[in-house]
Amino acid sequence: MRVDVAWTPAALPGAPLEAWTAIVIDVLRASTTIATALVNGCAAIVPATDADEARRRAEADGGALVAGERRGEPLAGFDLGNSPLEFTAARVAGRTIVFTTSNGTRALVAVRGAAAVAVAGFVNLSAAARWAVAAGRDVLIVCAGERGARSLEDEVCAGHLVDRIAAQRPDASLTEAARSARAAAAAYAGQVGRLARDASWAVHLASRGRAGDVEA
């Protein structure tokens with residue numbers, strides 16, 4: 001098993017992905033929100049590249065909710081934003097959610113050609129690692145980043161995911177990027193909460209009154 005990390009969707013390998021398991025990480029906040037929605041019983045998450053596509057898909061579905069944000073702020077007329085705190089069981093259970101965000105859903109669309117696609121954040125790292133190992137394919141971890149730039153919280157999370165996969169598959173071959181992500185994670189071992197002050201997007205969200213999302 002080979003494990004690789006792409007720092008942003010733009011760094012994806014040029015070769016086709018159909019032999020890979022792809023795991024998208026957008027800690028703040030799409031991955032966390034998607035995992036929360038699924039835990040709370042939503043029927044499906046449908047990623048969309050932009051607001052217009054999201055509206056069209058939701059309208060075509062009939063009973064679907066439309067959710068998302070741009071630059072961290074909810075979109076006008078949408079049912080939900082991108083805060084995991086909004087996606088309660090009372091709101092999403094049994095519902096399909098068409099979802100568009102600045103970074104996370106774009107990364108999901110970018111890897112749609114992979115053999116299987118998942119999302120991971122700090123909230124589901126162990127489950128994501130077990131799922132990837134059980135699939136038995138090479139694993140590509142894709143950091144969503146922040147508007148094309150690298151994201152500290154995504155890279156640290158990716159490194160922790162590499163750690164968990166390697167613990168289950170000691171024979172896994174780690175690329176240089178995977179090893180670098182692991183080193184980034186080691187700097188936050190047992191202290192993930194430090195990202196609330198070290199990650200620029202976490203600081204931005206807190207400044208906009210969304211510290212609860214960062215904590216989640």
Could you tell me the separation between the [atom1] atom of [X] and the [atom2] atom of [Y], rounded to the nearest 0.5 Å?
| X | Y | atom1 | atom2 | result |
| --- | --- | --- | --- | --- |
| Asn103 | Arg71 | CG | CZ | 11.0 Å |
| Ile23 | Leu161 | CD1 | CG | 5.0 Å |
| Ile45 | Ile97 | CD1 | CD1 | 4.0 Å |
| Leu174 | Arg182 | CG | CZ | 5.5 Å |

Considering only residues two or more places apart or on different chains, which pairs with a residue in residues 33-49 satisfy salt bridge (charged side-chain N to carboxylate O under 4.0 Å, His left out)?
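Of all non-adjacent pairs touching residues 33-49, none passes salt bridge (charged side-chain N to carboxylate O under 4.0 Å, His left out).
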Sequence neighbours excluded, every pair satisfying salt bridge (charged side-chain N to carboxylate O under 4.0 Å, His left out) that has a member inside residues 27-38:
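For residues 27-38: Arg29-Asp213.
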Do Glu146 and Leu28 have side chains that approach each other closer than 4.5 Å (heavy atoms only, starting at C-beta)?
no
Looking at side-chain heavy atoms only, is the closest gap between Asp50 and Arg70 below 4.5 Å?
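SC-SC contact between Asp50 and Arg70 confirmed.
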If I compare all heavy atoms of [X] with all of [Y], which pair ends up nearest, and what's the gap?
| X | Y | result |
| --- | --- | --- |
| Phe99 | Asn82 | CZ-OD1, 3.1 Å |
| Ser102 | Gly72 | OG-N, 4.5 Å |
| Ala196 | Ala202 | O-CB, 3.7 Å |

Remaining members of hydrophobic cluster (4.5 Å side-chain criterion), [X]:
| X | answer |
| --- | --- |
| Val98 | Val46 |
| Val39 | none |
| Phe78 | Val66, Leu75 |

Under 3.5 Å, which donor-acceptor pairs do the side chains of residues 118-127 form with other protein atoms, sequence neighbours left out?
unit_1	atom_1	unit_2	atom_2	d
Asn124	OD1	Gly121	N	2.8
Asn124	ND2	Val119	O	3.1
Ser126	OG	Arg164	NE	3.3

Please determine whether side-chain contact (heavy atoms from CB on, under 4.5 Å) holds for the pair Leu80 and Thr33, giving the CA-CA distance in whole Å, both sets of side-chain angles, and the decisive distance to 0.1 Å.
CA-CA 11 Å; Leu80 297 161; Thr33 298; over 6 Å; no
Kindly list each side-chain donor-acceptor pair under 3.5 angstrom involving residues 4-14, sequence neighbours excluded, with atom names and distances?
unit_1	atom_1	unit_2	atom_2	d
Asp4	OD1	Thr175	OG1	2.7
Thr8	OG1	Ala10	N	3.3

Sequence-distant partners of [X], salt bridge (charged side-chain N to carboxylate O under 4.0 Å, His left out), two or more places apart:
| X | answer |
| --- | --- |
| Arg150 | Glu155 |
| Arg106 | none |
| Arg169 | Asp171 |

Ignoring hydrogens and angles, tell me if any N or O in the side chain of [X] forms a donor-acceptor pair with the backbone of [Y] under 3.5 Å.
| X | Y | answer |
| --- | --- | --- |
| Asp154 | Val27 | yes |
| Asn40 | Phe87 | yes |
| Thr96 | Ala43 | no |
| Glu86 | Gly81 | yes |
| Thr100 | Gly68 | no |
| Ser31 | Asp26 | yes |
| Arg95 | Gly63 | yes |

Hey, is CD on Gln191 packed in by over 12 heavy atoms from elsewhere, all under 6.0 Å?
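Yes - once you tally the heavy atoms of other residues, nucleotides and ligands closer than 6.0 Å, there are more than 12.
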Only pairs at least two apart or in different chains count here, so list each side-chain hydrogen bond (donor to acceptor under 3.5 Å, both in side chains) that has a residue in residues 199-212.
Glu73-Arg208
Single-linkage hydrophobic cluster Val109~Ile25, side-chain heavy atoms < 4.5 angstrom:
no
Applying salt bridge (Lys or Arg N to Asp or Glu O under 4.0 Å), run through Arg55 and Glu59 and close with a yes or a no.
CA-CA 6 Å; Arg55 291 187 184 96; Glu59 289 170 4; over 6 Å; no
Contacts table for residues 128-137: side-chain donor-acceptor under 3.5 angstrom, sequence neighbours left out:
unit_1	atom_1	unit_2	atom_2	d
Arg137	NE	Thr21	OG1	3.0
Arg137	NH2	Thr21	OG1	3.3

